[in-house]
Amino acid sequence: MDFPLTRRRRGTRVRRAPCPRTPAAFTSDDELLNASIQLFAARQALVEAEQTPGCPREALRAARDEERAWTRYWHASLRLGKPNLALGRLCRRHRLNRTECEILAALVLGQLSLLEQSIGSCADVLDTLAVPGAKAVEALRMLSEHGRLYRAGLLAYDDPDEDLARRSPMIDPTLVDAVLSRNVRAEKGWRVGSEQELYERLQAVTQALARKSEQQGYLMQSGAADRDTFKTQCKVRRLMSRLEETLQCHRNWKLAAYCENRLNHVEWLMFLALLGKALGHLPPDHELFTGGGLARAAAPTTDHYHRVLGLLGPASGLVSGGLVRPCGGAMELATDDPQALQDVEFELTRATADELGLRKLRLVRPKGEYQARRPQVRMSQLVLPPEVARALDLAAVHARSARRLSDDWGLGELIPYGGGMSLLFSGMPGTGKTAAAEALAHRLGRPILAVDYSRIQNCFVGQTEKNIVRAFREAADQEAVLFWDEADAMFFDRDSARHNWEIRDVNVLLQQLERFDGVCILATNRKVALDGALQRRIALKIDFPRPDRDHRRQIWQRLLPRKLPLARDVELDVLSRADLVGGEIKNIILNAARLALQRTDAGLVTMHDFQTAIRIEQEGGWNGAHGKRIGFGV
């Protein structure tokens, strides 16, 4: 009785076939759907016979017997069907009852235009199944949001605000694709040979989750679902099924442990979204990676949004278990309040990334906003007063022996804050604060990450706090010395603050300093009244004074390149008389060389060149007796 499935012109009669006497397992989806067509045709024939005035009793009895025979045959054959049948597999997986199985078959046939009448509403589904009036309410309940079909994601509506009977049902398009593809053997995941190949495949998962999050957000605002939303949800389910089937075939892969043992389905979705962030599938500041974005991507429906959002709170398994961490947002997870959690940014913890082997795989990831660099200055190049040199040496000892001091010697019990090293460098510009920070990083064998006020401050509410947190995160991930230039512009006494955001900035800095295990250097060009709590968290305060004459001579001697052609009249003792700092001396050497080149390409740098450059530096620019003012002449 199996014949090819063909699209049917609306209104044409079904070619009736006698019902087989003995049920037999459906061997293909085509056979199952053809039997469904015969079942629904028998139902329609019975309805017509019952509604035809004067219908002979024998004809009515025959129609009833035919309908009952097809109903028994269809359900018995469905139960016996092979496991690779798409329809049968879904019916068994979701434990659908007899009517729900028929509804699913009718919706697939309607999507394929294989029924005599089109299915444009839930009422049309009931007509196709020829549900008697006494059972119509129960059948409609199965088509509602409370039914298994909807809860399993097999069914959705184009117009959820309509009366239930008038709604336009939508079926999972992947089910129709599975029927049309005639796959005899069910696919078992992706064909990947390594975990790195799997991570590359996960880009489709990240993109689908981002799309679902965006559409769920629109749905929460407008309340209007559409076919694209339903298709995206179905795509996420399909991709998740393929991923889980892949991991079942590779149980020794690191990611499989998270799927099988450590996370429930909703946590698994949020975890995969953040894995996509670590793999660079989307920009790190994408909306998906906020608490709200993750909850929208993982929630089965919008009704579950706040419950899912709570899984990102500080006491949740994901956060308290050390799998994910907040990386931006005001006060960083100081509360379980869903409203606050929505705007917090999240990422995988460094331990999780290491456990998954993301660094060893050398995957291409976008660079963070703050990038550390290799320090170029060494301690031997600095000219510093003895007390400053001793303080830097003490800082280096502390940084190198932090674990020994804290754990082995028990000093960690006396320190209520983090195990990192915080220093404050103060002194006027050019006295060597930046060079000293770079030299300290070089001595510790670490890169240096420098940030300043202009890169951190942002006029948008909450963005400055996020930038502060991001800088600390980048420094920790890159194992870099964190150097804050112009710290006084941001981190002042909270009692003198005039705006709430100023207080929040200091609060976030204090919180990050407590958690930071590395070396953090705050630099200021002037004496400032730092917040008392911040003062207590600074282990060493180092003041960089103006160099005396002897130190200035040493600076001149070290900064003058050996290849620089100097005239015989250049005397360092004379040059060191000028009250200058190291930064100014560097500028003077550069300007003196430019003056020499301006005079002649082959000339030497003379004492006059240096004296002219000193006047330029002290007077603040190329003007006065030795040059022209900047601007237009009139």
Side-chain angles (χ1 to χ4, degrees), residues 375 377 379 382-402 405-406 409 411-412 414-444 446 448-453 456 468 471-472 475 480-497 502-503 505-548 551 581-583:
V377 180
M379 284 289 187
L382 300 180
V383 178
L384 299 171
E387 60 275 12
V388 174
R390 284 194 298 269
L392 291 176
D393 184 64
L394 184 62
V397 170
H398 184 131
R400 284 177 171 174
S401 309
L405 291 170
S406 175
W409 290 10
L411 294 178
L414 302 176
I415 303 174
Y417 310 117
M421 179 72 174
S422 301
L423 301 94
L424 176 65
F425 288 0
S426 60
M428 66 176 297
T431 52
K433 299 184 299 297
T434 302
E438 196 162 330
L440 180 60
H442 186 278
R443 181 170 178 178
L444 296 174
R446 302 181 190 179
I448 184 169
L449 193 157
V451 292
D452 56 36
Y453 173 80
I456 293 294
I468 294 172
F472 275 95
V481 171
L482 181 57
F483 178 64
W484 289 84
D485 202 6
E486 303 177 19
D488 53 283
M490 298 179 63
F491 309 131
F492 40 79
D493 190 347
R494 284 173 290 185
D495 293 336
S496 64
E502 295 174 334
I503 298 175
D505 290 349
V506 179
N507 288 339
V508 172
L509 173 71
L510 294 174
Q511 189 180 69
Q512 293 304 311
L513 280 175
E514 287 182 8
R515 301 175 180 177
F516 190 56
D517 288 331
V519 177
C520 179
I521 302 172
L522 307 178
T524 175
N525 292 333
R526 54 193 176 89
K527 293 289 185 180
V528 292
L530 292 177
D531 186 84
L534 179 57
Q535 293 262 21
R536 290 191 296 273
R537 282 163 175 79
I538 296 174
L540 284 175
K541 303 175 183 67
I542 304 176
D543 182 47
F544 286 73
R546 294 185 67 90
D548 58 23
H551 285 146
V581 296

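For this chain, numbers begin at 1 and follow the sequence in order. Nothing here was measured: the structure is a model prediction, and the numbers come from that model.
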Engineer: When rounded to the nearest 0.5 angstrom, what distance separates CD in Glu438 from CD1 in Ile521?
Structural biologist: 10.5 Å
Engineer: Can you tell me how far apart CD1 (Ile468) and CG (Leu513) are? Round to the nearest 0.5 Å.
Structural biologist: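 Answer rounded to 0.5 Å: 10.0 Å.
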Engineer: Taking all atoms of both residues into account, what is the closest heavy-atom pair of Leu384 and Phe544, and its distance?
Structural biologist: CD2-CE2, 4.1 Å
Engineer: Which atom pair, heavy atoms only, marks the closest approach of Pro545 to Pro385?
Structural biologist: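 So the two residues come closest at CG-CG, 3.7 Å.
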Engineer: Rounded to the nearest 0.5 Å, how far apart are CD1 of Ile448 and OG1 of Thr434?
Structural biologist: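 Between Ile448 CD1 and Thr434 OG1, I get 8.0 Å after rounding to 0.5 Å.
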Engineer: Would you mind reporting whether Leu540 and Met421 have side-chain heavy atoms less than 4.5 Å apart?
Structural biologist: yes
Engineer: Looking at every heavy atom in both Val377 and Ala435, which two are closest together, and how far apart are they?
Structural biologist: CG1-O, 3.8 Å
Engineer: Do Phe472 and Cys520 touch side chain to side chain, with heavy atoms closer than 4.5 Å?
Structural biologist: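 In short, these two side chains touch, coming nearer than 4.5 Å.
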Engineer: Could you check if a side-chain atom of Val451 sits within less than 4.5 angstrom of a side-chain atom of Leu449, using non-hydrogen atoms only?
Structural biologist: yes
Engineer: Within a strict 4.5 Å, meaning less than it, do heavy atoms of the Phe483 and Leu440 side chains meet?
Structural biologist: no
Engineer: Enter the distance from Ser426:OG to Asp543:CG here, rounded to the nearest 0.5 Å.
Structural biologist: 4.0 Å
Engineer: Report yes if some heavy atom in the side chain of Pro547 is under 4.5 Å from a heavy atom in the side chain of Val581; otherwise report no.
Structural biologist: yes
Engineer: Before you tell me yes or no, could you show the steps for Asp393 and Arg443 under side chain to side chain contact (heavy atoms under 4.5 Å, CB included), namely the whole-Å CA-CA distance, both residues' side-chain angles and the distance that decides it to 0.1 Å?
Structural biologist: CA-CA 9 Å; Asp393 184 64; Arg443 181 170 178 178; 2.5 Å; yes
Engineer: Answer yes or no: is there an ion pair linking Asp485 with Lys433, defined by an N-O contact shorter than 4.0 Å?
Structural biologist: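 So Asp485 does not pair with Lys433 through a salt bridge.
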Engineer: How long is the span from the OG1 atom in Thr524 to the NZ atom in Lys541, to the nearest 0.5 Å?
Structural biologist: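 These two atoms lie 13.5 Å from each other.
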Engineer: Could you tell me the separation between the CG atom of Leu392 and the CD1 atom of Ile542, rounded to the nearest 0.5 Å?
Structural biologist: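 It comes to 4.5 Å.
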